[in-house]
Protein chains: 2
Amino acid sequence: MLDERKAAILRAVVECHIRTAQPVSSAYVAQLGELSVSPATVRNEMAVLEQEGYLFQPHSSAGRVPTDKGYRFFVDSLSGPTPLGPDQAELVRMFFDRTHGELERTLSETSSLLSRLTDYAAVVVAPSAPDPARVRSLQLVQLSPHLCLAVAVLANGTVERRSLESMADMTEAQVERAAAAAAAFLVGSTVDRPGRPAPTGDPYADSLAQAAVDGLRDLGDEDNQAPVFVGGAARMAAAFEAVTTIRTVLGILEQQFVLVSLLKDVLDRGLTVAIGAEHGLVQLAECSVVVAPYEVDGQRAGTVGVLGPTRMHYDQALAAVAVVSKKLGRVLSDGEPVRPGGRDDDRQRSAG
Amino acid sequence: MLDERKAAILRAVVECHIRTAQPVSSAYVAQLGELSVSPATVRNEMAVLEQEGYLFQPHSSAGRVPTDKGYRFFVDSLSGPTPLGPDQAELVRMFFDRTHGELERTLSETSSLLSRLTDYAAVVVAPSAPDPARVRSLQLVQLSPHLCLAVAVLANGTVERRSLESMADMTEAQVERAAAAAAAFLVGSTVDRPGRPAPTGDPYADSLAQAAVDGLRDLGDEDNQAPVFVGGAARMAAAFEAVTTIRTVLGILEQQFVLVSLLKDVLDRGLTVAIGAEHGLVQLAECSVVVAPYEVDGQRAGTVGVLGPTRMHYDQALAAVAVVSKKLGRVLSDGEPVRPGGRDDDRQRSAG
DNA sequence: GCTGGCACTCGGTAACCTTGAGTGCCAGAC
DNA sequence: GTCTGGCACTCAAGGTTACCGAGTGCCAGC
């Protein structure tokens, strides 16, 4: 589609613009020396590239700036994964060596890590409950005469809470009976087990037990909102000039629901990088997203991602996201906790 | 200290500058009509106020802007709590009517609410565990041969997790024995109960049980970090002009530890409002903080606060923080869950 | 097809002027 | 003594003009 020389020029323009945030001149590209041609030749090629929509000229006497299409070409032509820089690899190693358990905290700190690695905002979507989720224990805690809290510990260590309100006041004994019934029904089984707890003889206890079981059933549902952890939102303030842009982007980062669907959407379309308008969100037209799913126990569980300006360092972001998603998945996998001093290597073998 | 006329002028300047973010002229104050004097007189008074450090003149032909000291005088002279506006009161009522249980979620949404009420960033510090914390149930969940998760449900519905690593691999039976021992020791008691679980006959199980008990003991410790929920950080982007300021402030908002100590510090000094440099944080010199503790079951449990520019709407912020802290405390109190359609009134009776 | 040369464009910067909001001060009135 | 109107002064903001130079587009020649 693009001959080799045009491609090289385009790549040079993108790389330079990512670094400098300035329009790139033909003189700069020529002086690079990669292809031994004069600025005039480069100019001619650049004019063509502009006609074809890869470049854009802010005004008639300025250099060229890549369009979204230009970035897309650049990203697609990135040759294989760049390795992480040594300091960054060190950061990652240190982080995952001392991390274990405490799901929320791990996820939250992972988002900070990813943000520090890339210098953009990072997003980590919590693992959806393994499907189907096996219940390890179920408790009912009475908070007030008509308010109970159902606390379920799942096999993977996740803790789920549901508050249950009853119309009538409950006695302690009733709550205990309900808890026993609900636990007998659900513990050792999965949350979506069909049927209902065995009756206790007390209709109030029965309905409470049923409420607890019902409350947990939605865990399997698709639309059950997975929590999101955002790290380094402040770094977006440095990435943009216009205050209004900053405000918009920060606003989006606070809307967990929007974030989740954004990442999900990108992944569903089989993308790893969504540039500018490629994802649906108009408000993020000046942003790109780099995402990767992570696997827990061999299943896709959640997503990590980086949100930056369209002129982001894609290679570094891709590398960071790849490494973090892999390591995070491993840390969260049951059978494979962090092995301090273990022999895990960061490099991906083969896999072109 | 300030005669009544100077005080009136100062108040007028502060109010106007909060609204307009512009230097305030003598003509404006005179034309207000509150005190029937000419601009020239106002000018003379303003010159004195500047000498005394209440006002500041950006340049010699500009109006006056309040200094931190000026704001301090203004805040101290606010007469009693302003009531919330009707729409805002409605927001608050709706929010707390449909809120119950689910601690983290409540806190997180409360921070959003407070941010929406004030249009600044809001901070909610989670309640510190009631002191001493009573344990309702204790479970050990084995995640891998040498990694366990201790899950404790406290009497108030809080769930605490601690991951426990053992050198040697543990069998399921050992974990069960340890869980039984630890539960027998702690359930029904408080986390700081002295002594140790009864021995099980298996040294490995004993040490695991001990580890679980030890792990929870730090709950009572002072330095145990209370989680923080920040809402509406994006609104800070609108409150300031300079991008660097925005970045700094957002950076602070991401450092939970700094936030907690900031709020704690302000409260410890007996303040409700900290203006500009009054709190220790140089980076937040352009910000003010409005805080209020909330009480759960009659004890100070956590803090809510608002972070805005020094020229914030103090009256509204104070009102919002007061109402939200009171309502939040009530919702979180054991004996007193939200009573839908109940007879709770928002007005503070007497209490001058 | 590439290149050097050249005219042209146009954003950015600096110098300059003008405007007007606002002050400080003073002399006179109450 | 205190207030006030008047007046000169200051200085940021905005507009105009001129200039510079980076960068392009095009063309003629190699």
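A note on names: the letters A, B, ... follow the listed sequences, proteins ahead of strands, and every chain is numbered from 1. Because only heavy atoms are used, hydrogens play no part in the values below, and waters and symmetry mates are left out as well, while side chains stay in.
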Starting at [atom1] of [X] and ending at [atom2] of [N], how long is that distance when rounded to a whole Å?
X: A/Phe56; N: D/dT24; atom1: CZ; atom2: P; result: 14 Å
X: A/Gln22; N: C/dG12; atom1: CD; atom2: C1'; result: 12 Å
X: A/His17; N: D/dG23; atom1: NE2; atom2: C1'; result: 15 Å
X: A/Glu50; N: D/dT24; atom1: CD; atom2: P; result: 10 Å
X: A/Arg43; N: D/dC26; atom1: CZ; atom2: C1'; result: 9 Å
X: A/Gln31; N: C/dG4; atom1: CD; atom2: P; result: 15 Å
X: A/Asn44; N: C/dG1; atom1: CG; atom2: C1'; result: 10 Å

* Salt bridge check: are B/Arg43 and B/Glu50 linked by an N-O gap of less than 4.0 Å? -> no
* **Spacing of CZ belonging to A/Phe74 relative to OH belonging to A/Tyr314, to within rounding of 0.5 Å** => 9.0 Å
* Distance (rounded to the nearest 0.5 Å) between B/Leu35 CG and B/Lys6 NZ -> 12.0 Å
* 5' priority, DNA chain D, between A/Val24 and B/Pro58 [closest heavy atom] -> B/Pro58
* By nearest nucleotide on DNA chain D, pick out whichever of B/Pro39 and B/Ser61 is the more 5' one. => B/Pro39
Selected nucleotide, minimal atom distance to [X] side chain, candidates [options]:
X: A/Ala40; options: D/dA12, D/dT24, C/dT3; value: C/dT3
X: B/Ser25; options: D/dT24, C/dC2, C/dT23; value: C/dT23
X: B/Met46; options: C/dT23, D/dG23, D/dA12; value: C/dT23
X: A/Ser60; options: D/dT4, C/dT9, C/dT23; value: C/dT9
X: A/Ser38; options: C/dG4, C/dT9, D/dC3; value: C/dG4
X: A/Gln57; options: D/dT24, D/dC3, C/dA21; value: D/dT24
X: B/Arg64; options: D/dT4, D/dC11, C/dG24; value: C/dG24

* Asked: Hey, does the side chain of A/Arg5 come within less than 4.0 Å of C/dC2's phosphate (OP1/OP2), counting only N and O?
  -> yes
* Asked: Phosphate oxygens OP1/OP2 of D/dT24: is one of them under 4.0 Å from a side-chain N or O of A/Ser26?
  -> yes
* **Residue pair A/Thr248 / A/Thr245, side-chain donor-acceptor N/O under 3.5 Å** => no
* How far apart are the C-alpha atoms of B/Arg269 and B/Asp265, what are their side-chain angles, what is the distance that settles it, and do they pass the salt bridge (Lys or Arg N to Asp or Glu O under 4.0 Å) test? -> CA-CA 6 Å; B/Arg269 282 196 272 162; B/Asp265 193 51; 3.3 Å; yes
